Amino acid sequence: MAPALIDKSFHDFFVKRDREACTNCKACIKQCSYGVHFWDEEAKRVRHDSVKCVGCRRCEAYCPEQALLIQEKPSQFRPNHLWRPVFIKNIYKQAATGGVLLAGMGSPVDIPIYFDRLLLDASQVTNPSIDPLREPMELRTYLGEKPDRLEFVRTPEGLSVKTPLAPQLPLDVPIMFAAMSFGAINFNLHEAMAMAAEETGTMYNTGEGGLHASLYKYGKNTIVQVASGRFGVHKDYLKAGAGIEIKIGQGAKPGIGGHLPGEKINEQVSETRMIPLGSDAISPAPHHDIYSIEDLHQLIYALKEASEYKVPVSVKIAAVHNVAAIASGVVRAGADIVTVDGMRGGTGAAPAMIRDNVGIPIELALAAIDQRLRDEGIRHQASIVAAGGIRCSADAVKAIALGADAVAIGTAALLAVGCTLCGRCYTGKCPWGIATNAPELAKRQNPKTAAKKLVNLIHAWSHEIQEMLGGMGLNSIESLRGNRDKLRAVGLSSMEMEILGVKHAGR
Amino acid sequence: MEKRIIDAQGVYYRELNQQVREAAAAGTKSFEIVNVNGQRYIASALEGDIHFILRGVPGQDLAAFMRGPSIRVEGNAQDGVGNTMDEGHIAVNGMAGDVIGYAMRGGTIYVKEDVGYRVGIHMKAYKEKFPVIVAGGKAGDFLGEYMAGGAIILLGMFTGKPDAPIAGRTLGAGMHGGAIYIRGGVDERLLGPGLHAEPADQADMNLIKMHAQAFANEFALDAASILSQPFVRVKPFSHRPYGNMYVPT
């Protein structure tokens, strides 16, 4: 059995236990959901099996004696630039099983990160910078269709807007929580995101797994998602949120559907998705009622009819080659918001080949969409939300300067509550209690504590965004939107700068 | 409250649906809409014990997200009838287009004659909710693809396509719940990968008889002639058809 030997020998992580420090307290056994640590009755001590380790570092964090160290396994294949270890190991795994390589979280591959090659401006001497601690600084953003022009009427109380306004999503900060379904992550985190969205005046997104009845009260901070599987989608659900999102695609897996494995369908998930316990929840790759822009129009208006035109409808698409033309079609189909998810976006599960090879980076997609919609004179007909690899407030600021109205954070939100990006979300065994519905693991996330962390993150980023805006001499986020003059590139080609619509630093 | 009659001639769908919503909110329980000519989304997301008669051809997404009402269409229906419908009853006294009953979770859709492509895709069932589609004619490709629950009963009797097979290709591909019943059998080459047709058993026949009777009553047909031929059943081979497809990276 050669494959078994290969699997044993070439595992990714290596547990080092400091025997001097270890008191055999068994905390590591309790914390590890993958069975790495175990009690050896004969030897009367805790031992471990590094082969099973996924590198989540839960045991390391919870070892009271700091006796554990999780390392990448130091042994190496013979160096080879073509056959990097990941390719070799994947071939061993597939030769042993015949399986499609499955991955969790966003792509770790080395695709250019344009955010790192874009630098922000600041005022010097003229157009003085603004101090947000002492002066007003507006982060409020409204997502939705804006009118072609505004008409006013004089009333005894003053001027009043006569033009009928389309419904808007009001955001106190231009950062939302990205769509992550209940099922992919557990109820405690859905509750945490709902609470945090309410406290910070932003939105969270149900993802495609429906909305648990106990979270309807957070409706004004909720975007309800409709994906091809239509899980938990019914009239009350469609009316429960402040907005509805049609999920066409996801940055981590453009062109393919979703598949929540039966292992993660517990009673609560089953009840929210309205599907049987333990059965796979399969979302087909396309919505089978959408094969064209006209069909998309049909679903957008089906949802507007169902929600009586009271909430904006967003359409989420993955960043792919022709994304600008697609976004134009989406806007023309009647979407009030276009959410574009770049190829570095997270996922609970995606085939690794798709995740690592399909799609384009968010920065290029965003710039192309913004430019296209401007060129066509329809930019005001929809807001743009950018997602997929927003790591810090500066990324958010750069995304807005490239043309986004707001950004959505998924991976960053999970990191805020303890995720270590071990990428095994699809096993249902997440030791941090995030991507799991197993009660003994899910309880590791207290909704209130998690909400507090999310609120802290949003507050911290908001302060930073205000500082960056102030430094540029801007006092409102609106003045930054699509303002690419506030960006300069370092080390990018002319083609890249042309697409991004930015000059090189020094120009 | 008495029946509300609406003439839909030349009325844009948004206006028509607004009228219906307002009347339903004011307590109207019975509607007759005449001269229906392609207006979309009629009765969508409506709830409760409301009855509709639609004369003409209702447009796309008739009764989408509907929960409860019953609709009788005197004419043909277009695509998307009963899209993601939750509960209720739709009877089309004619034929219907593509994507009928997409992701429907409960209720019944009876179409007297032929139905188009992709009918009953991703139908579900949950607890007491058990959606059923009965088509009296023939069906296009991809009938019951991704089906996760409920039942589709295909009769092949009242059809404008006498020479066509009773169903198109790829019937039931990826189904992981529910059952598709076909009167008189089906060529197995039309079935999705891994699926087989087997004789319907007693429990299946009880369900089929119940709906055959109701279908016959609905359209003034003879239930005995519907039941005069045996039915075959296509069921999923697993409720987790893709469970063993992957290897962790």
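Please read these numbers as outputs of a predicted model, since none were measured by experiment. A note on names: the letters A, B, ... follow the listed sequences, proteins ahead of strands, and every chain is numbered from 1.
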When A:Pro351, A:Gly278, A:Gly104, A:Ala281 are compared by non-hydrogen pairs under 4.5 Å with chain B, the top option
A:Gly278
Looking at A:Phe87, I want to see if its CZ is surrounded by more than 12 non-hydrogen atoms of other residues, nucleotides or ligands under 6.0 Å.
no
For chain B, which of A:Gly262, A:Pro284, A:Ala352 has the most heavy-atom pairs under 4.5 Å?
A:Pro284
Scan residues 265-284 of chain A for pairs that pass ring-ring contact (aromatic ring centres under 6.0 Å, His included), counting only residues two or more places apart or in two chains.
none
Below 3.5 Å only, please: all the donor-acceptor pairs between chain B and chain A, one per line.
{"unit_1": "B:Arg14", "atom_1": "NE", "unit_2": "A:Tyr309", "atom_2": "OH", "d": "3.4"}
{"unit_1": "B:Asn17", "atom_1": "ND2", "unit_2": "A:Glu305", "atom_2": "OE1", "d": "3.2"}
{"unit_1": "B:Arg21", "atom_1": "NH1", "unit_2": "A:Glu305", "atom_2": "O", "d": "3.2"}
{"unit_1": "B:Arg21", "atom_1": "NH1", "unit_2": "A:Glu305", "atom_2": "OE1", "d": "3.1"}
{"unit_1": "B:Tyr41", "atom_1": "OH", "unit_2": "A:Gln298", "atom_2": "O", "d": "2.5"}
{"unit_1": "B:Tyr41", "atom_1": "OH", "unit_2": "A:Ala302", "atom_2": "N", "d": "3.4"}
{"unit_1": "B:Glu47", "atom_1": "OE1", "unit_2": "A:Lys235", "atom_2": "NZ", "d": "2.6"}
{"unit_1": "B:Gln60", "atom_1": "NE2", "unit_2": "A:Gln298", "atom_2": "OE1", "d": "2.9"}
{"unit_1": "B:Asp61", "atom_1": "OD1", "unit_2": "A:Gln298", "atom_2": "NE2", "d": "3.4"}
{"unit_1": "B:Asp61", "atom_1": "OD2", "unit_2": "A:Gln298", "atom_2": "NE2", "d": "3.2"}
{"unit_1": "B:Arg67", "atom_1": "NH1", "unit_2": "A:Asp236", "atom_2": "OD2", "d": "2.7"}
{"unit_1": "B:Arg67", "atom_1": "NH2", "unit_2": "A:His234", "atom_2": "ND1", "d": "3.2"}
{"unit_1": "B:Arg67", "atom_1": "NH2", "unit_2": "A:Asp236", "atom_2": "OD2", "d": "3.4"}
{"unit_1": "B:Asn83", "atom_1": "OD1", "unit_2": "A:Arg230", "atom_2": "NH1", "d": "2.9"}
{"unit_1": "B:Asn83", "atom_1": "ND2", "unit_2": "A:Asp289", "atom_2": "OD2", "d": "2.8"}
{"unit_1": "B:Thr84", "atom_1": "OG1", "unit_2": "A:Arg230", "atom_2": "NH1", "d": "3.1"}
{"unit_1": "B:Tyr102", "atom_1": "OH", "unit_2": "A:Ser228", "atom_2": "O", "d": "2.6"}
{"unit_1": "B:Tyr102", "atom_1": "OH", "unit_2": "A:His288", "atom_2": "N", "d": "3.4"}
{"unit_1": "B:Arg105", "atom_1": "NH1", "unit_2": "A:Val233", "atom_2": "O", "d": "3.1"}
{"unit_1": "B:Arg105", "atom_1": "NH2", "unit_2": "A:Arg230", "atom_2": "O", "d": "3.4"}
{"unit_1": "B:Arg105", "atom_1": "NH2", "unit_2": "A:Val233", "atom_2": "O", "d": "2.7"}
{"unit_1": "B:Arg118", "atom_1": "NE", "unit_2": "A:His288", "atom_2": "O", "d": "3.1"}
{"unit_1": "B:Arg118", "atom_1": "NE", "unit_2": "A:Tyr291", "atom_2": "OH", "d": "3.2"}
{"unit_1": "B:Arg118", "atom_1": "NH2", "unit_2": "A:His288", "atom_2": "O", "d": "3.1"}
{"unit_1": "B:His122", "atom_1": "NE2", "unit_2": "A:Ile282", "atom_2": "O", "d": "2.5"}
{"unit_1": "B:Lys124", "atom_1": "NZ", "unit_2": "A:Gly229", "atom_2": "O", "d": "2.5"}
{"unit_1": "B:Arg240", "atom_1": "NE", "unit_2": "A:Asp280", "atom_2": "OD1", "d": "2.4"}
{"unit_1": "B:Arg240", "atom_1": "NH1", "unit_2": "A:Glu263", "atom_2": "OE2", "d": "3.2"}
{"unit_1": "B:Arg240", "atom_1": "NH2", "unit_2": "A:Glu263", "atom_2": "OE1", "d": "3.4"}
{"unit_1": "B:Arg240", "atom_1": "NH2", "unit_2": "A:Asp280", "atom_2": "OD1", "d": "3.3"}
{"unit_1": "B:Met245", "atom_1": "O", "unit_2": "A:Val100", "atom_2": "N", "d": "2.7"}
{"unit_1": "B:Val247", "atom_1": "N", "unit_2": "A:Val100", "atom_2": "O", "d": "2.8"}
{"unit_1": "B:Val247", "atom_1": "O", "unit_2": "A:Leu102", "atom_2": "N", "d": "2.8"}
{"unit_1": "B:Thr249", "atom_1": "N", "unit_2": "A:Leu102", "atom_2": "O", "d": "3.0"}
{"unit_1": "B:Thr249", "atom_1": "O", "unit_2": "A:Arg424", "atom_2": "NE", "d": "3.4"}
{"unit_1": "B:Thr249", "atom_1": "O", "unit_2": "A:Arg424", "atom_2": "NH2", "d": "3.2"}
{"unit_1": "B:Thr249", "atom_1": "OG1", "unit_2": "A:Leu102", "atom_2": "O", "d": "2.9"}

Would you say CE of B:Met95 has more than 12 non-hydrogen atoms from neighbouring residues, nucleotides or ligands within 6.0 angstrom?
no
Any idea which of A:Ala103, A:Gly229, A:Ala349 has the most non-hydrogen atom pairs under 4.5 angstrom with chain B?
A:Gly229
What residues form a side chain to side chain donor-acceptor pair (under 3.5 Å) with B:Asp7, not counting sequence neighbours?
B:Asn35
For chain B, the option from A:Val54, A:Ile282, A:Leu299 that forms the most heavy-atom pairs under 4.5 Å
A:Ile282
Which residues satisfy the side chain to side chain donor-acceptor pair (under 3.5 Å) test with B:Arg233, sequence neighbours excluded?
B:Glu198, B:Asp201, B:Asp204
Which bit of B:Val247 is near chain A, if near means a heavy-atom gap under 4.5 Å: side chain, backbone, both or neither?
both
